[in-house]
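Residue numbers run from 1 in the order of the sequence given. The figures here come from the full heavy-atom set of this structure, side chains too, leaving out hydrogens, waters and symmetry mates.
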Amino acid sequence: MVVRVSAIGFVLLAGWMVYLDAVVTDRFEGRRFEVPSRVYARPMELYDGAGVSSGALERELALSGYRKGDGAKPGSYLRNGGHFIISTRGFRFPDGDEPRRKLSLNIYGDRVQDFSVLAGDGAAIVRLEPARIGGIYPAHKEDRILVRLDDVPSLLPAALMAVEDRNFYDHFGIAPASIARAMLANLRAGQIVQGGSTLTQQLVKNFLLTRDQTLLRKGNEALMSILLELHYEKDDILETYLNEVYLGQAGTRSINGFGLASQFYFGESLRDLGVHQIALLVGMVKGPSYYNPRRHPERATQRRNLVISEMEEAGLIDASKAARARGLSLGVSAKPSYSENRYPAYIDLVRRHLARDYREEDLRSEGLRIFTTLDPAIQYAAEYAITDTVPRLARGDTAKALEATLVVTSKDTGEVLALVGGKNPQFAGFNRALDAHRPIGSLIKPFTYLTALEQPERYTLMTPVLDKSFALEFDDGKRWEPKNYDGKERGEVPLHLALSRSYNLPAVRVGLDVGVPAVRETLRAFGVVTPISEYPSMLLGSVAMSPVTVAQIYQGLATSGFNTPLRTIREVTDSDGKALSRYSLEVDQVADPAAVHLLQYAMQETMQEGTGRSAYYSLPKELTLAGKTGTTDDGRDSWFAGFSGDLLAVAWVGRDDNGPTALTGATGALPVWSRFMAQVPQHGFSPVVPDGVSYHWVNPEMQALTDEYCDNARLMPFISGSEPTQKVSCSGTLERKIRGWFEGLFQ
């Protein structure tokens, strides 16, 4: 009977061992870890003449986890007024390694001067390592930076074994003597005061099992530890442990492995840690929450010093080094060097762009490195413009309900440099910059006029258009009677004036003349992919777009008629730095550059004399800009889109419930836009005159060429051949002069 039971028990145990063996090997043979994708900002480049303020540089250093100090240690900097000493950490970029260097530079105004490399390879331009601005995490919210055993400071595994498992290289996964000692100690204390688990058992518990304190779980832990030791080398098990061990929590993310823990607590690479920092991390293995150095510094210090003593006892460090380490502060940074929620709206757009090429599963598990176009200094200015301006735009309930977005791109490349999805930039909810589709009002007018100006035989900037009311009657009997915003009518006005003052009646007349379908095709060519109404009301901006779409179509106006798809990603690499995807600049000429040049002229006039002129209350007069206001009925949507020589920005202000605001494009969105532009060093907009365009001095009211110094003379571009042929002098037309000469003879 006993033999039979024993045999059955042996068979069951053997079967169970086979099952456990399959579990162990399956996990270790496959991909052991799901590693989140890391999202980086664009790297800051430092060189003589680089445009950056002292404050912006210091914020960028902080965002990248640099610490104030003497500027000697990698990842630290010294600032004295506008003088900086920076020791970079080095970084592996997709196009090669940027080595560690020690830099010296001064900042005068908003420019870098006296740039030099004090230590390391000389270079005229140095890239700082890009700030990590977010991640795309596995479903179980684990975060880690994988490290190889060869890259880890030898003191770390040695200290870990000295504290947690002195016989790691001698046992077969379990240490019976240690377990016996622990049981005896626990019996004497009447509670759990000592553990007897080996590193292998700890790894099995964390990696393959639950944390349940049951006999079955402990039995499985022992069996699986033995199986693990039978299949794999000690170093392989140790390396897996170093990457698996739980060492803290950052919001919903767990901090796993020493590689990420080093960044999380010290803002430093594992290879740069001192003895006291290694001791702290090793000590935290026992209880990351209990010994959290940010929350419980005294408790963490005691634990660290105990580990230092054990390192000394094990002969890993001598007495003097141990005493010096115990005398140091914890060296923990005040807060983690990054947060995945720092730029939620921008990361949202990055994810949507990535979705074109990558599966969500791969983004969450493959450890991809995603290099984006976000410029932290531009983003800071954009966020500040909204949080500083929006509260002052209205009062009472309207003020509470106001929301705003801002999208900023590089004028020439279409790279999205900053994106704010609401008045609370850190809110990770509804992303208005991408998902709020609102009527764009008068922002549509440049596309109507561009459609007309591409017919130079019919339209020039000087062409008179009628500013007079009219009504349209549709087949269903309905009538539509467009009005100017101010309710006034002015008779004939030149086209450039109608645009810069944003008169509605001339815009509708021109739009109806060239045809609604033609205007719609212009919008499509510039990047609108959503349905566009065929009703004439479309000509006053009843068509709804998101702020990002508006930025897309205005990008074409800023780049002389090139449809440049907006992009947030420059490159994607795998976890080893191998390039996977390059997102190069793509352009498509979709409009006549000559006609766009004429339109840019009118949009510059908008800023100097028209509805955008109040921007110069806060911007320098010499900064040439081009832009356009947009307003919908009852101020439900306030828009402004405009560009300088470097940047294009689109601002929207309104309410989520589509309620009235009493704001116009000039009183709502434009102050936000101007506040942003005033903070950023940039150059004025000075377009190159394309072939086929010539400038002439004209008298717009007389529809004729004139002399430069005449009253009402205006230098205006024309597509060659469309300029007027008649000329008037300062005293009137030639006909009038001749008549006056004859009249003079007979007086």
Side-chain angles (χ1 to χ4, degrees), residues 51 110 375 377-378 381-382 384-386 389 406-415 417-418 440-447 449-450 461 496-502 547 550-562 564 593 596-631 638-653 664-689 695 714-717:
D110 293 329
D375 185 321
I378 300 288
Y384 182 78
I386 284 182
T389 308
L406 192 58
V407 182
V408 185
T409 67
S410 167
K411 183 187 78 69
D412 293 325
T413 66
E415 291 185 334
L417 305 177
I440 64 172
S442 296
L443 290 191
I444 202 171
K445 289 175 182 169
F447 299 92
Y449 288 117
L450 175 62
L461 289 173
H496 71 94
L497 196 70
L499 174 59
S500 65
R501 271 61 169 180
S502 200
V550 172
Q552 173 66 73
I553 62 177
Y554 268 73
Q555 195 77 35
L557 299 182
T559 54
S560 301
F562 287 94
T564 309
V596 176
H597 185 79
L598 269 56
L599 188 75
Q600 291 170 341
Y601 173 93
M603 292 175 69
Q604 288 178 277
E605 182 183 327
T606 299
M607 302 304 296
Q608 294 290 339
E609 308 167 20
T611 55
R613 61 187 182 280
S614 63
Y616 286 103
Y617 294 162
S618 54
L619 289 164
K621 294 287 185 186
E622 59 274 15
L623 183 66
T624 50
L625 301 163
K628 184 72 191 76
T629 51
T631 310
S638 168
W639 291 91
F640 192 84
F643 44 90
S644 67
D646 303 310
L647 303 174
L648 180 147
V650 174
W652 169 86
V653 175
T664 66
T667 60
L670 181 57
V672 174
W673 187 91
S674 305
R675 190 76 185 93
F676 162 73
M677 296 295 265
Q679 300 174 73
V680 183
Q682 56 193 303
H683 302 91
F685 176 63
S686 180
V688 176
V689 180
Y695 275 74
R714 192 178 192 99
L715 188 61
M716 189 172 286

### Task
Measure the OG1-CG distance between T564 and D412 for me, rounded to the nearest 0.5 Å.
8.5 Å
### Message
Less than 4.5 Å apart, side chain to side chain, heavy atoms only: is that true for W639 and T631?
### Response
no
### Task
Mind listing the closest non-hydrogen atom pair of V680 and A381 along with its distance?
CG2-CB, 3.8 Å
### Distance in Å, I440 CD1 paired with K628 NZ, rounded so as to fall on 0.5 Å steps
10.5 Å
### Message
Set out, in order, the CA-CA distance, both residues' side-chain angles and the distance that settles ring pair (Phe, Tyr, Trp, His ring centres under 6.0 Å) for Y554 and F640, then state yes or no.
### Response
CA-CA 11 Å; Y554 268 73; F640 192 84; 8.8 Å; no
#### Entry: Nearest-0.5 Å distance that lies between atom CE in M607 and atom CD in Q604
10.0 Å
### Query
Would you say the side chains of S442 and S502 form a donor-acceptor pair under 3.5 Å?
yes
### Task
Would you check if the side chain of T667 reaches a backbone N or O of T664 as a donor-acceptor pair within less than 3.5 Å?
yes
### Query
Tell me, which pairs form a side chain to side chain donor-acceptor pair (under 3.5 Å) where one or both residues lie in residues 612-626, sequence neighbours left out?
Q608-Y616
### Query
Do side-chain atoms of S500 reach the backbone of A602 as a donor and acceptor pair under 3.5 angstrom?
no
### Summary
Tightest non-hydrogen contact, residues L406 and A385, listed as CD2-CB, 4.5 Å
### Query
So do V689 and P717 actually touch side chain to side chain, heavy atoms under 4.5 Å?
no
### Taking every non-hydrogen atom, the tightest pair across S560 and V596
CA-CG1, 3.6 Å
### Query
Is there a donor-acceptor pair closer than 3.5 Å between any side-chain N or O of D646 and the backbone N or O of H683?
yes
### Closest heavy-atom pair and its distance - A382, V408
CB-CG2, 4.4 Å
### Distance in Å, M716 CE paired with Y601 OH, rounded so as to fall on 0.5 Å steps
4.0 Å
### Message
L647 vs I378, test: side chain to side chain contact (heavy atoms under 4.5 Å, CB included). Steps then yes/no.
### Response
CA-CA 10 Å; L647 303 174; I378 300 288; 4.1 Å; yes
### Task
Apply side chain to side chain contact (heavy atoms under 4.5 Å, CB included) to L499 and L599, showing your working.
CA-CA 9 Å; L499 174 59; L599 188 75; 3.8 Å; yes
### Query
Which heavy atom in L625 sits nearest to a heavy atom in S644, and how many Å separate them?
CD2-CB, 3.6 Å
#### Entry: Aromatic centroids of F643 and F685 separated by under 6.0 Å
yes
### Task
Give a yes or no answer on whether the side chain of T409 reaches the backbone of K411 with a donor-acceptor pair at less than 3.5 Å.
no
### Query
In Å, rounded to the nearest 0.5 Å, how long is the span from CD of Q682 to CG of L619?
7.5 Å
### Task
Say whether, by atom type as modelled, one donor and one acceptor occur between the side chain of S638 and the main chain of A669 under 3.5 angstrom.
yes
### Query
Could you give the distance from CD (Q555) to CG (L648), rounded to the nearest 0.5 Å?
5.0 Å
Distance-only check: which donor-acceptor pairs under 3.5 Å involve side-chain atoms of residues 670-678, not counting sequence neighbours?
from : atom 1 : to   : atom 2 : distance (Å)
W673 : NE1    : A649 : O      : 3.0
S674 : OG     : L670 : O      : 2.8
R675 : NE     : D388 : OD2    : 3.0

### Task
Please determine if R714 and E609 form a salt bridge, counting it only when a charged side-chain N lies under 4.0 Å from a carboxylate O.
yes
